[in-house]
Structure formats: C-alpha cells, structure tokens
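The structure appears below as structure tokens.
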Amino acid sequence: APLRLKDVAQIVDGADSPEDKAQLERVAAARVIVLDLVAQAQKTRSAGDVEGAQRVVNDRLLPAVASYIAAQEAFISLQQRQRDQIKADAVERNAVARWIAEAVAAVVMLLGIGLVALTVRSITRPLEQAVRLTDAITDGDLTIEVRDDRKDELGHLLQSLSAMAA
C-alpha cells in the first residue's frame with residue numbers, strides 16, 4: 001500500500017538530525033509533485049486526451065521522477081556519510097578505551113611487581129640476618145646479637161638464634 005501523507009510526515013518528524021529532516025522534506029516534496037502529476041496524467045487520459053496525458057508524462061512527470069530519485073539518492077548519501085562518521089567515531093573511542101585499558105594494566109602490573117618485591121624483601125632480610133648469626137655462631141662468636149621486633153615466625157627464629165648466641 002502506498003504511504004499516505006501523514007505517514008510521510010511521521011517519517012520526517014522522526015528524523016535524527018536537522019540535515020536528515022531537511023533532506024526527508026525534500027524527498028517528501030518531490031514525492032507529492034510526482035503523485036500529483038501521476039494523478040493529473042491519469043485524469044487527462046481518463047478524459048480521453050491520450051496525447052495530453054503523454055505530454056504530461058514526458059514533459060513534467062519524468063523530470064519530476066528524476067528529481068524525486070535524486071532527492072532519495074541525496075538522502076542515502078547523507079545517511080552513508082553519517083554512518084561513516086559514526087564508524088570513525090567508534091574506532092576512535094575504541095582506540096582511547098584500549099589505551100586506557102593498557103595504561104591501567106601497566107599500573108596494575110607495576111603495583112604487583114612492587115608488592116612482590118616488598119614481600120620478597122620482607123622474607124629475605126630476616127633470613128640473611130639468621131644466616132649471618134648462624135655463621136657467626138659456627139665461627140665461635142657468641143657475642144653477636146640481633147634485635148628484631150617482628151612478631152612472625154622469622155622474628156621468632158631471629159630471637160631464638162640471638163638467645164642461643166648469648
């Protein structure tokens with residue numbers, strides 16, 4: 001079923017941008033002209049004037065149809081440009097999001113490396129002190145003393161070794 005004028009008006013009102021609306025209005029206006037000329041050619045032919053109907057078709061209707069098609073093609077071209085712009089914007093937003101994700105990943109990795117380094121250091125320092133203390137005791141030096149305020153197992157080990165040397 002052909003679109004009624006109110007349906008065309010609803011399509012125009014639903015346009016996303018002023019450019020879309022303006023181009024759809026041009027399409028709708030060209031459509032009205034074509035429909036009016038079709039009706040005029042049919043009326044002329046119904047009145048028995050076949051040659052007059054042919055003149056309306058050739059002289060006015062065909063150029064109006066060409067204009068109507070050109071208006072539709074212009075709208076299609078506008079939609080394609082808008083689509084391309086939206087795609088380009090999406091690619092740009094994707095690149096920014098990827099850059100942010102990579103930066104966050106790098107920061108998390110650096111924080112992880114820092115935490116690992118602190119954890120390793122908190123284990124190796126007391127062990128190094130314990131090794132030095134046991135080496136000193138092995139060498140016969142019982143005067144060495146280690147002070148450590150740690151409340152964990154390594155702190156307990158250092159206190160026990162220090163007590164053993166005293």
Side-chain angles (χ1 to χ4, degrees), residues 1-130 148-157:
L3 287 176
R4 294 183 308 257
L5 200 52
K6 72 175 192 166
D7 296 332
V8 173
Q10 286 176 339
I11 292 171
V12 170
D13 288 341
D16 290 336
S17 71
E19 290 175 310
D20 289 342
K21 189 171 185 166
Q23 189 58 45
L24 282 172
E25 286 172 348
R26 286 192 278 284
V27 170
R31 180 178 183 271
V32 167
I33 292 170
V34 167
L35 292 176
D36 287 345
L37 288 171
V38 166
Q40 183 180 355
Q42 287 173 344
K43 184 178 177 183
T44 305
R45 184 170 182 233
S46 295
D49 186 4
V50 175
E51 288 179 17
Q54 189 64 42
R55 279 193 305 274
V56 169
V57 168
N58 290 337
D59 297 344
R60 297 177 59 206
L61 181 59
L62 291 179
V65 167
S67 235
Y68 182 42
I69 291 170
Q72 290 174 345
E73 288 173 347
F75 180 69
I76 291 168
S77 177
L78 172 65
Q79 292 288 293
Q80 288 171 336
R81 283 192 310 275
Q82 289 172 344
R83 179 205 57 208
D84 293 344
Q85 183 61 48
I86 289 168
K87 284 171 62 176
D89 292 347
V91 166
E92 183 179 333
R93 283 192 305 274
N94 189 12
V96 169
R98 184 170 299 167
W99 184 87
I100 290 171
E102 289 172 358
V104 167
V107 168
V108 167
M109 187 184 307
L110 289 175
L111 287 173
I113 290 170
L115 287 173
V116 166
L118 287 175
T119 302
V120 168
R121 185 175 171 188
S122 72
I123 294 170
T124 57
R125 276 203 172 164
L127 284 176
E128 287 172 356
Q129 287 178 331
D148 195 87
D149 295 335
R150 293 174 64 114
K151 304 290 185 211
D152 61 2
E153 291 79 10
L154 289 174
H156 183 82
L157 172 66

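Positions are given from 1 along the sequence. Every value quoted in this text rests on a predicted model; they were computed, and no experiment measured them.
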Tightest non-hydrogen contact, residues T44 and A53, listed as CG2-N, 3.4 Å
What's the shortest heavy-atom distance between R150 and P126, and which atoms? NH1-CG, 3.2 Å
Identify, with sequence neighbours excluded, every residue that meets side chain to side chain donor-acceptor pair (under 3.5 Å) alongside Q23.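 R26.
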Identify every side-chain donor-acceptor pair in residues 63-77 under 3.5 Å, counting partners at least two apart or on other chains, and give the distances.
from, atom 1, to, atom 2, distance (Å)
Y68, OH, Q72, NE2, 3.2
S77, OG, R81, NH1, 2.9

R83 atom CZ: more than 12 heavy-atom contacts under 6.0 Å: yes
If you round to the nearest 0.5 Å, how far is CG of L127 from CD of Q129?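 Reported value, rounded in 0.5 Å steps: 9.5 Å.
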Excluding sequence neighbours, so at least two apart, what forms side chain to side chain contact (heavy atoms under 4.5 Å, CB included) with [X]?
X    : value
I86  : none
V107 : L111
Q82  : S17, E19, D20, L78, Q79
V120 : V116, T124

Enumerate the side-chain hydrogen bond (donor to acceptor under 3.5 Å, both in side chains) contacts for residues 85-99, please, sequence neighbours excluded, ordered by first and then second residue. Q85-D89
Test: side-chain hydrogen bond (donor to acceptor under 3.5 Å, both in side chains). Region: residues 53-65. Which pairs qualify, not counting sequence neighbours? Q40-R60, Q54-N58
Knowing that exactly one of I33, L35, V34 qualifies, which makes a side-chain contact (heavy atoms from CB on, under 4.5 Å) with L37? I33
Of all residues at least two apart in sequence or in a different chain, which pass the salt bridge (Lys or Arg N to Asp or Glu O under 4.0 Å) check with D36? none
By salt bridge (Lys or Arg N to Asp or Glu O under 4.0 Å), which residues pair with R125, not counting sequence neighbours?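 Scan of R125 (salt bridge (Lys or Arg N to Asp or Glu O under 4.0 Å), adjacent residues dropped) gives none.
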